[in-house]
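Fair warning: this is a prediction, and the values are worked out from it, not measured in the lab. Chain letters run A, B, ... following the sequence lines, proteins first and then strands; every chain starts at 1.
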Amino acid sequence: MTITYREALRQGLREALAGDPRVFLVGEDVGRYGGTYAVSKGLLEEFGPERVRDAPLSELAFVGAGIGAALGGMKPIVEVMTVNFSLLPLDQIVNTAAILRHMSGGQFAVPLVIRMATGAGRQLAAQHSHSFEGWYAHVPGLKIVAPATIDDAHGMLGAALAEDNPVLVFEYPALFETAGDLSSTPVDIAHAAVRRQGTRVTIVAYGGCVPKALSAAEKLAAEGINAEVVDLRVLRPLDMDTVLASVRKTRRAVIVDEGWRSGSLSAEIVARIMEQAFYDLDAPVARVCREEVPIPYPKHLEEAALPQPEKIVAAARGLFQ
Amino acid sequence: MTITYREALRQGLREALAGDPRVFLVGEDVGRYGGTYAVSKGLLEEFGPERVRDAPLSELAFVGAGIGAALGGMKPIVEVMTVNFSLLPLDQIVNTAAILRHMSGGQFAVPLVIRMATGAGRQLAAQHSHSFEGWYAHVPGLKIVAPATIDDAHGMLGAALAEDNPVLVFEYPALFETAGDLSSTPVDIAHAAVRRQGTRVTIVAYGGCVPKALSAAEKLAAEGINAEVVDLRVLRPLDMDTVLASVRKTRRAVIVDEGWRSGSLSAEIVARIMEQAFYDLDAPVARVCREEVPIPYPKHLEEAALPQPEKIVAAARGLFQ
Amino acid sequence: MSHAASAPPSGPVPFARENSLKLLKDMLRIRRMEEKCAELYGAAKIRGFLHLYIGEEAVATGAMHALARGDNVVATYREHGHALLKGVPMERIMAEMFGKKEGCSRGRGGSMHLFDAHARFYGGNAIVGGGLPLAVGFALAAKLRGEERLTACFFGEGAMAEGAFHESVNLAALWKLPVAFFCENNLYAMGTAIERSESQTDLAVKAASYGIEAFAVDGMDVVACYEGARRARERVMAGGGPVFVEFRTYRFRAHSMFDPELYREKAEVEEWKKRGPIHTFTARLKEQGHLTEERFLDIDSQVAAEVERAVAFAEAGDWEPVEDLTKDVYAP
Amino acid sequence: MSHAASAPPSGPVPFARENSLKLLKDMLRIRRMEEKCAELYGAAKIRGFLHLYIGEEAVATGAMHALARGDNVVATYREHGHALLKGVPMERIMAEMFGKKEGCSRGRGGSMHLFDAHARFYGGNAIVGGGLPLAVGFALAAKLRGEERLTACFFGEGAMAEGAFHESVNLAALWKLPVAFFCENNLYAMGTAIERSESQTDLAVKAASYGIEAFAVDGMDVVACYEGARRARERVMAGGGPVFVEFRTYRFRAHSMFDPELYREKAEVEEWKKRGPIHTFTARLKEQGHLTEERFLDIDSQVAAEVERAVAFAEAGDWEPVEDLTKDVYAP
Ligand SMILES: Cc1ncc(C[n+]2csc(CCOP(=O)(O)OP(=O)(O)O)c2C)c(N)n1
Ligand SMILES: Cc1ncc(C[n+]2csc(CCOP(=O)(O)OP(=O)(O)O)c2C)c(N)n1
Ligand SMILES: [Mg+2]
Ligand SMILES: [Mg+2]
């Protein structure tokens, strides 16, 4: 069945609500508006206002309430409309959701899923174009997933709900219109995936940058460089086994990250490759990241600020010089 | 003159207030309480309640108000009591202070200093022991400084106020009782500093880990390993020239970071060394970071969770095996 | 809270004729500029998010006329009208929406981020509630510097549920700062009706709980908006601290260009359109003998010409060169 | 707001004798346990931050007696008393303060982070205001699950200035959730007096602006605290949504163990001590003939024995092995 990434997300949500009465969805405009990105469209009508619950503009409170509800026996799916607004409830995520299980001596689990849209690319300017997945991946106690494919858009939510601990699911509006086959194979949220087999260089990417990495790989193939593309999928904890296996084979790597370069998740990948595969490298690992600038509104500047297939190609090519 | 780190901070503050009528200090309990860590003790009496201004518990508003006041012609010093509470006003810092100058087309500067205490080590448990300097160092538009010495504790504030742009100053309660000579040399906030000359391995650290790095270097010296210690001082923008010069000389490096390992600033340093000095390395760069756990209360567990001189020694030693 | 529109504003306008016509013209300037923006969005000249103020023009118009030149204004992503009437030239606004470097934010901000230091217009903020703490800070600076300057902060009723509102009003009240909180209650925050957003829908009552003066005015009546803002300014400048005004208004268009408007009835919108601030004001002025149809058409064509000039200016503008991407980034 | 203490609570206690003695004993249990904690802090057995509740015991005691066993409690870093009376064994509290693995949070939380799933005691939160959203969530869960369960959320008056308070109360009121907001107004947030923290110092007035029932009680009178909490619980369980109670109380000790108390006069503290909840209640019970000095000493020595047992238990506890450092960390 061919569906869009958006529709895959929607079906994942629908199945989650249908499958467990403890699951409910809460967030700004998830109900009557139909979801900012139409991801929850029709769910209010199907499940009613108790289970598809519109919240006022008060991110700190409704994220915290999601944590409390999880502790109280429910399985909340909290939608923070976009990652840009997730700084407001960040304290609850970091200082309660992530900490509670350990700090209580293991008494509590927090079976909570937080979904948010992330990333740039739609000319929304500086305050609406952040990519903070890397920040969240810094925090022990959270699992972070980034669906880049139709199957993952559909299946990662269910896998997250099965975890009994806080999982953050990042959704990529830049991918919402992409379409593809939905398979019936269940997805895990433990492993990275090799999206393209290759031999000479490994391109590591996640979320909205995966299609860019694949497109770069095609261009590289035309130049005779056969690139392997690894989709991280899970940003915490990192599945370094998959990354390292690929790097050990290709002996070269480019890490792609939509976050600002300094202190991005890409740095962590590079550091781990340094620590664990230094002697397997034929060249220093390269990075393609967001430029160190608040994202500007005009299309040409936004494009210049973000990772692009051409930049990935150039970085990969650079490893052979 | 021998003074404590705390007193050096206090004198820096006092001089800032005395030196420019546009400067004022605002934050929770900076006035009548005398400062949570007594850093602002006596300043209310000296400068009055307009310039040493107690704020209610409302971090988002008073940090945002600091930004507004900076735009309005003042030079605010905003104290967020500790980095742990800085998640609450993070949106204002990231989405306004850091962005405004660029997004307004260069019309506005934001001459604002935000001070906060950071770090673990006093058995304050998970919610009061964070080290988020690395997160802040991710954000273009902010300068981040971390005084580790008496001179820096004293002088970095004045240097920050001279910048006409937002600077975050991280203060280390773990160092408050350390004492030393206050020199009269002015400090910059542009460069890293070599705190100990060495030849065989470079230990890079910042803030509260600098004394630990120095202590490790002494131990290593006893084993015949002459370590160089680089104090980053400025966490954004990074002075990689100083770091790379040292690494190119010693050909080995250990990065020490009080933040959780995954996605910490240490990863960025490793990545940059990979990118810029890969061929100069005789061994993969190693890291000593916070363990991936919310900091537990008991002393033995807290110590086990944090970088310690012994761990730094072990990591450095490991580079020679 | 009832969403029903009450009777349209009527009766004589208590201003001199030229003043009245100025108010009318300014409302038209916002309206025509934004109608053009909608068109240009369709033509893909303007991109990103675009939030139109159509229907709410009386609020910004009344309020800006009550402010002094030296006052500060902080607004939201629905701020084209506020920027324009605070003195940002229409052509620079239009160039900004095009993303051209002649724009008031050098093209970097777009529709949601208009700035003009000279006009003391401080955005343009796409984080709901984000402008409130900032406005408090401007007011603090004015007070500390001994400046005779109001800071007016505009925000929607949806923003009142945010912690930022609470903390900011409390701070301003505690410190008796010269700030006016202007709440534009258009009954919806995206698709969330006020009764699902505020447990207390009488917003002035809510604001008064901070121990400040607070009142509501008809936000569809430019006269009431002017009077309300003038009164607020007077009280604030008398030194007693902040004042809160609820402007009861309505948004005629969708929240942004991506909004199927599933959450409200067409009939409700039509009902409110009967109270449209421009045509009701026009009617009153005509009835009063202050305005003829001819004069109206004359004004409207002056406005149309201004809009055309602005579009031409924006079209003729340049793109910021990619080499300047990180210009003005501190500590990149 | 006046910081002056009014007349001490007096007059007959409207409870049966054994009930009254239970209240007295529970106040004493908190007092003696905490006096011991202060001593142990001096002896470096307890470390980190330690916030004593001494002076405020009537609040937790009255409130906990009004709650049902199955109710949830969310509190702050000044929560030893709440934990104890919600049913966390004193020995497990003491072991927690020592950092031993027999502690109610396995020693990992310490004084500020007591937890007990069995007792439905959910912290122990060191972020001011951090417990409020959580409590709303517990109440939401109870409502969705159809459970007859109150969630009581304790917080200081200082927390009311935080956005978290505003957002949480609004949410609870909008959704008519079964949560009681119990504000412990001890007039100071660290060194910040309430009049520098709240523009409206009548906290019940402030809370009522959310359209919920709100009232104040004498937080130095365990009878008033009990009655107030009982009334709040009744109203909430009737289904009308949250209720807010201000408990007017006073902290006799420093904010924490690091506080030179520069911000208040000794005389003010002494004045309030005259209203101390334990000795005034004792006096009333004696006057009423419900209590003799002998019986008092007997109760006190039972309490002392419980404290001794708790300390012995804590002393005898084990340290969590370092190998377990990252146990219970999800996705480390
Ligand atoms: C903190 C935050 N949360 C959510 C959003 C998404 N959003 C943009 S506008 C809006 C509605 C705001 O409503 P209101 O304050 O009433 O202003 P109006 O749009 O009606 O003028 C929302 C939810 C945002 N921009 N910022
Ligand atoms: C968000 C946050 N800001 C600041 C602090 C530091 N702090 C701890 S307790 C406290 C005062 C709280 O006062 P109140 O809410 O009245 O409670 P009380 O201590 O009087 O019981 C402050 C400022 C904190 N823990 N959390
Ligand atoms: Mg609105
Ligand atoms: Mg208090």
Side-chain angles (χ1 to χ4, degrees), chain B residues 21-22 24 26 50-51 53-74 76 78 88-89 91-92 94-110 112 137 139-144 163-167 189 234-238, chain C residues 72 74 96 101 103-110 113-118 120 122-127 129-145 147 149 151 153 162-172 174-175 177 179 320 325-332:
Chain B
R22 291 171 304 171
F24 67 98
V26 60
E50 293 280 283
R51 298 192 62 207
R53 183 173 285 263
D54 282 324
L57 275 149
S58 43
E59 289 83 358
L60 183 65
F62 71 72
V63 169
I67 302 169
L71 289 163
M74 300 297 290
V78 179
L88 294 166
D91 171 68
Q92 286 290 324
V94 170
N95 274 318
T96 307
I99 280 177
L100 208 57
R101 181 174 149 184
H102 182 267
M103 190 170 63
S104 69
Q107 290 179 73
F108 304 117
V110 183
L112 168 73
V139 183
L142 302 178
K143 183 171 284 195
I144 313 298
E163 293 268 311
D164 232 32
N165 277 299
V167 180
I189 52 170
V234 184
L235 311 187
R236 182 179 191 99
L238 286 166
Chain C
N72 300 318
V74 174
E96 187 60 36
K101 90 173 176 343
C104 58
S105 306
R106 210 179 158 85
R108 292 170 180 167
H113 303 293
L114 307 175
F115 290 99
D116 191 327
H118 184 71
R120 292 192 165 270
Y122 297 105
N125 198 314
I127 302 298
L132 284 147
L134 215 63
V136 171
F138 275 109
L140 176 59
K143 184 175 181 175
L144 290 171
R145 294 164 62 93
E147 294 169 349
R149 195 193 303 288
T151 298
C153 183
E162 291 279 7
F165 170 81
H166 175 72
E167 296 187 8
S168 299
V169 177
N170 186 48
L171 210 58
L174 272 171
W175 293 351
L177 301 180
V179 53
E320 181 169 25
L325 178 62
T326 59
K327 194 178 160 209
D328 301 318
V329 182
Y330 175 64

Which portion of B/Val26 sits near chain C, non-hydrogen atoms under 4.5 angstrom:
side chain
Applying a strict 4.5 Å limit to non-hydrogen atoms, the region of B/Leu71 in contact with chain C is both
Proximity breakdown for C/Asn72 and chain B, heavy-atom pairs closer than 4.5 Å:
neither
B/Leu60 and C/Pro133: which non-hydrogen atoms are nearest, and at how many Å?
O-CB, 3.9 Å
Heavy-atom nearest pair, B/Ala61 first then C/Ser168, reads CB-N, 3.9 Å
Side chain, backbone, both or neither: which part of B/Phe62 has a non-hydrogen atom closer than 4.5 Å to chain C?
both
So which residue, B/Gly64, B/Pro237, B/Ala109, B/Pro76, ends up with the most heavy-atom pairs under 4.5 Å with chain C?
B/Gly64
Side chain / backbone / both / neither for B/Leu88 at chain C, heavy atoms under 4.5 Å:
neither
I'd like to verify something: which residue of B/Ala70, B/Gly73, B/Ala65 has the highest number of heavy-atom pairs under 4.5 Å with chain C?
B/Ala65
Heavy-atom closest contact (C/Glu167 atom, B/Glu59 atom, distance)
OE1-N, 3.7 Å
Selection from C/Ser105, C/Pro332, C/Ala141, C/Gly129 maximising heavy-atom pairs under 4.5 Å formed with chain B
C/Ser105
Chain B contact via C/Ala142 - which portion, at a heavy-atom distance below 4.5 Å
neither
Ranking B/Pro166, B/Ala69, B/Pro21 by heavy-atom pairs under 4.5 Å to chain C gives rank one to B/Ala69
Non-hydrogen atoms of chain C under 4.5 Å away: do they reach the side chain of B/Arg51, the backbone, both or neither?
neither
If only atom types and distance count, is the side chain of C/Arg106 paired as donor or acceptor with the main-chain N or O of B/Gly106 below 3.5 Å?
no
Report the relative orientation of the aromatic rings in B/Phe108 and C/Tyr122; use parallel for angles under 30°, tilted for 30 to 60°, perpendicular for over 60°.
tilted
Proximity breakdown for B/Pro89 and chain C, heavy-atom pairs closer than 4.5 Å:
neither
Looking only at C/Leu132, C/Leu134, C/Asp116, most heavy-atom pairs under 4.5 Å shared with chain B are made by C/Leu134
How close do C/Val329 and B/Pro140 get, heavy atom to heavy atom, and via which atoms?
CG1-CB, 3.9 Å
Side chain to side chain contact (heavy atoms under 4.5 Å, CB included), paired with C/Ile127, selected from B/Val94, B/Asp91, B/Thr96
B/Asp91
Heavy-atom proximity to chain C below 4.5 Å, by part of B/Gln92
side chain
Rounded to the nearest 0.5 Å, how far apart are CZ of C/Arg108 and OG of B/Ser104?
8.0 Å
Between B/Ala55 and chain C, which part of the residue has a heavy atom less than 4.5 Å away: side chain, backbone, both or neither?
both
Largest heavy-atom contact set with chain C, pairs under 4.5 Å, which of B/Met103, B/Lys143, B/Met74:
B/Met103
Contact leader toward chain B among C/Leu144, C/Leu140, C/Leu174, C/Val136, where contacts are heavy-atom pairs under 4.5 Å
C/Leu144
So, B/His102 side chain and C/Tyr330 main chain: donor-acceptor pair closer than 3.5 Å or not?
no
What part of C/Lys327 gets within 4.5 angstrom of chain B, counting heavy atoms only: side chain, backbone, both, or neither?
backbone
